[in-house]
Amino acid sequence: MALLSTSIPANFTTVALSGDLNNTHDPHCPDTESAEWHYTVLPVYILLVSVLGMVLNAFVLMVFCFHKKACTVAEIYLSNMAIADLVLMTCLPFWAVYAAKKFDWPFHTPLCTLITFSINMNAYCSIYFLVLISIDRVLALVHPLSHEQMRRPKCAKLACVLVWGFGLLLGVPTLVYREVKYFPDTNSRLCYLNYPNAHVWLAFDVMQIIFGFIIPVSIISYCTFKIIKALQNRSIDALNTRQTEQKATTLVLAVLLAFMICWVPFHLIKIPNALIQLKLLTCDVITIINTCNIVFMYFAFFNSVLNPILYVIVGKNFQKKVRELFQRRSCGGKTII
C-alpha cells in the first residue's frame with residue numbers, strides 16, 4: 001500500500017505527501033510550484049482527522065474492554081481493528097507537522113522510519129481485520145453449524161495474531177528503504193522511500209497492490225455478496241430467531257461499504273500512476289493525477305474515523321453495550337457516594 005510511500009524529485013511536495021517519488025514525478029515535465037493548500041489546509045485536515053480518530057477509536061476500545069460481558073468473535077475483530085486505527089491516527093500528527101513545515105522533516109531520522117512503518121503496517125492490519133470480519137459473517141449466516149468450531153474466541157484471537165504478523169511483514173520495505181536525506185536545491189530534509197532501482201520499486205509496488213488491495217477486496221466483495229444473498233433468502237421467522245446475527249451483519253455491511261468508498265479511489269489511482277512510469281500521459285494529466293494522489297490518500301485515512309461513528313449509529317449491539325457500561329458506571333458512582 002505504501003501510503004506514505006519512493007526515489008529524488010524536483011517537485012518534491014507530492015512525493016513528500018505520498019512518499020512515492022517514482023509514482024508522481026516525470027522528468028520530461030516541467031517543475032510546478034507547490035500548491036499553498038499543501039502547507040495550510042492539509043496539515044489542519046490531517047490533525048483534525050487524527051484527533052477525531054484517536055478519541056473515537058479509544059472510546060470503542062473502552063466500551064469493548066470495560067463491558068462486563070466477554071467479546072464475541074466479531075467484536076474481537078472490531079476491537080483489533082480499532083487498535084490498528086488508533087495507532088495509525090496517533091502517527092498522523094507527525095505528518096501534519098511535516099506538511100506545515102513545507103515538508104522539511106523536523107524530527108529525528110529514526111522517527112521517519114518508525115512513523116511511516118506504523119502507518120503502513122496498521123493500515124494493512126485494519127484492512128485484513130475487515131477480511132476476518134467478512135469471513136466471520138459468512139460463517140455465521142451461511143454455515144452456522146458446519147463451521148462452528150472456527151467461530152470460537154480462541155480461533156479469533158489466533159487469527160488476529162496472524163494478521164498483526166502479516167501486517168508487520170508487509171511493512172518491511174518501509175523499514176528497509178525509508179530514510180531522511182537533505183536536498184540542497186530545496187534546503188530541506190525529505191522523509192522518503194529510496195528504492196535502489198526501478199525493478200525493486202516495481203516488485204514492491206505490485207506486491208502492495210496485490211496484498212493490500214486485490215486480495216482483500218476480492219475476499220470482502222465475495223463475502224459481502226454471500227451475506228446479502230443469505231439475508232435475502234431467509235424467511236421472516238428465521239430473521240426473528242437470529243436477530244442478534246442480523247444486527248451484527250448490518251453493522252459489518254456498513255463498515256465494508258465505508259471501506260470501499262474510502263479506499264477504492266486510492267488504489268484505482270495507481271493505474272494512471274503506472275502509465276506515468278511508461279510515459280504515456282501528458283504533463284497536464286500528470287498534474288491532475290498528482291493532486292488526486294494526495295486527495296485520495298488522505299480521504300482513505302478518514303475511514304479510521306468513520307468506523308467508530310458507524311458503530312454508534314448502526315451498531316445496535318454496540319449501542320446496547322454503551323448504555324449498559326454507562327448505567328453500570330452511574331450505579332457504581334451512587335454506591336460510592
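Along the sequence shown, residues carry numbers from 1.
- A heavy-atom distance below 4.5 Å is found between the side chains of M260 and V217.
- For residues 43-136, every residue pair satisfying the disulfide bond (SG atoms under 2.5 Å apart) rule, not counting sequence neighbours, is listed here: C112-C191.
- Atom-to-atom distance recorded for L92:CG and F301:CZ is 5.5 Å, nearest 0.5 angstrom.
- M121 has its side chain within reach of W164: a pair of non-hydrogen atoms, C-beta onward, lies under 4.5 Å apart.
- Among all heavy-atom pairs drawn from L61 and S79, the shortest one is CD2-O, 3.3 Å.
- For the pair C160/Y77, a side-chain contact is recorded, criterion being any heavy-atom separation below 4.5 Å from C-beta on.
- Contact between T90 and L86 at its shortest, heavy atoms only, is OG1-O, 2.7 Å.
- Closest of all the heavy-atom pairs between V60 and P308 is CG2-CB, 3.7 Å.
- To the nearest 0.5 Å, atoms CG (L114) and CZ (F94) are separated by 8.5 Å.
- Among pairs with a residue in residues 165-175, none fulfils salt bridge (charged side-chain N to carboxylate O under 4.0 Å, His left out), at least two apart in sequence or across chains.
- Under the ring pair (Phe, Tyr, Trp, His ring centres under 6.0 Å) test applied with Y128, the options F259, F213, F166 reduce to a single match, F166.
- For the atom pair OG1 of T291 and CD1 of I269, the computed distance is 9.5 Å after rounding to the nearest 0.5 Å.
- The salt bridge (charged side-chain N to carboxylate O under 4.0 Å, His left out) analysis of residues 70-97, with sequence neighbours excluded, yields the pairs E75-K321.
- No side-chain heavy atom of V97 sits under 4.5 Å from any side-chain heavy atom of P43.
- Annotation: side chain of M81 is in contact with side chain of N307 (closest heavy-atom distance under 4.5 Å).
- In terms of the side-chain hydrogen bond (donor to acceptor under 3.5 Å, both in side chains) criterion, W105 has no residue partners (sequence neighbours excluded).
- The distance between the ring centers of Y177 and Y195 falls below 6.0 angstrom.
- Side-chain contact, D104 with Y98: no donor N or O sits under 3.5 Å from an acceptor N or O.
- Between V180 and R189 the shortest side-chain heavy-atom distance falls below 4.5 Å.
- In summary, the aromatic rings of Y222 and F225 are positioned with their centroids too far apart to meet the 6.0 Å limit.
- Looking only at side-chain heavy atoms (C-beta outward), E179 and T113 stay at 4.5 Å or farther from each other.
- Between F318 and Y311, the ring planes are tilted. Angles from 30° to 60° get that label.
- In plain terms, the two heavy atoms of S134 and I220 that are nearest each other are OG-CG1, 3.8 Å.
- When ring centroids are compared, F266 and F299 stay outside the 6.0 Å threshold.
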Can you give me every donor-acceptor pair (side chain of residues 49-58, partner residue at least two apart or in another chain, under 3.5 Å) with its distance?
residue: S50; atom: OG; partner: I46; partner atom: O; Å: 3.2
residue: S50; atom: OG; partner: L47; partner atom: O; Å: 2.7
residue: N57; atom: ND2; partner: G53; partner atom: O; Å: 2.8
residue: N57; atom: ND2; partner: S304; partner atom: O; Å: 2.9

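- Distance check, rounded to the nearest 0.5 Å: OG1 of T224 to CZ of R137 gives 12.5 Å.
- Here the NE2-CE distance, from H267 to M297, works out to 12.0 Å after rounding to the nearest 0.5 Å.
- Scanning for salt bridge (Lys or Arg N to Asp or Glu O under 4.0 Å) contacts around D136 gives R151, with sequence neighbours left out.
- Interatomic distance, CG of N120 versus CG of L170, reported as 9.5 Å (0.5 Å rounding).
- Inter-residue side-chain proximity for F129 and L78 is flagged as unmet; no heavy-atom pair is nearer than 4.5 Å.
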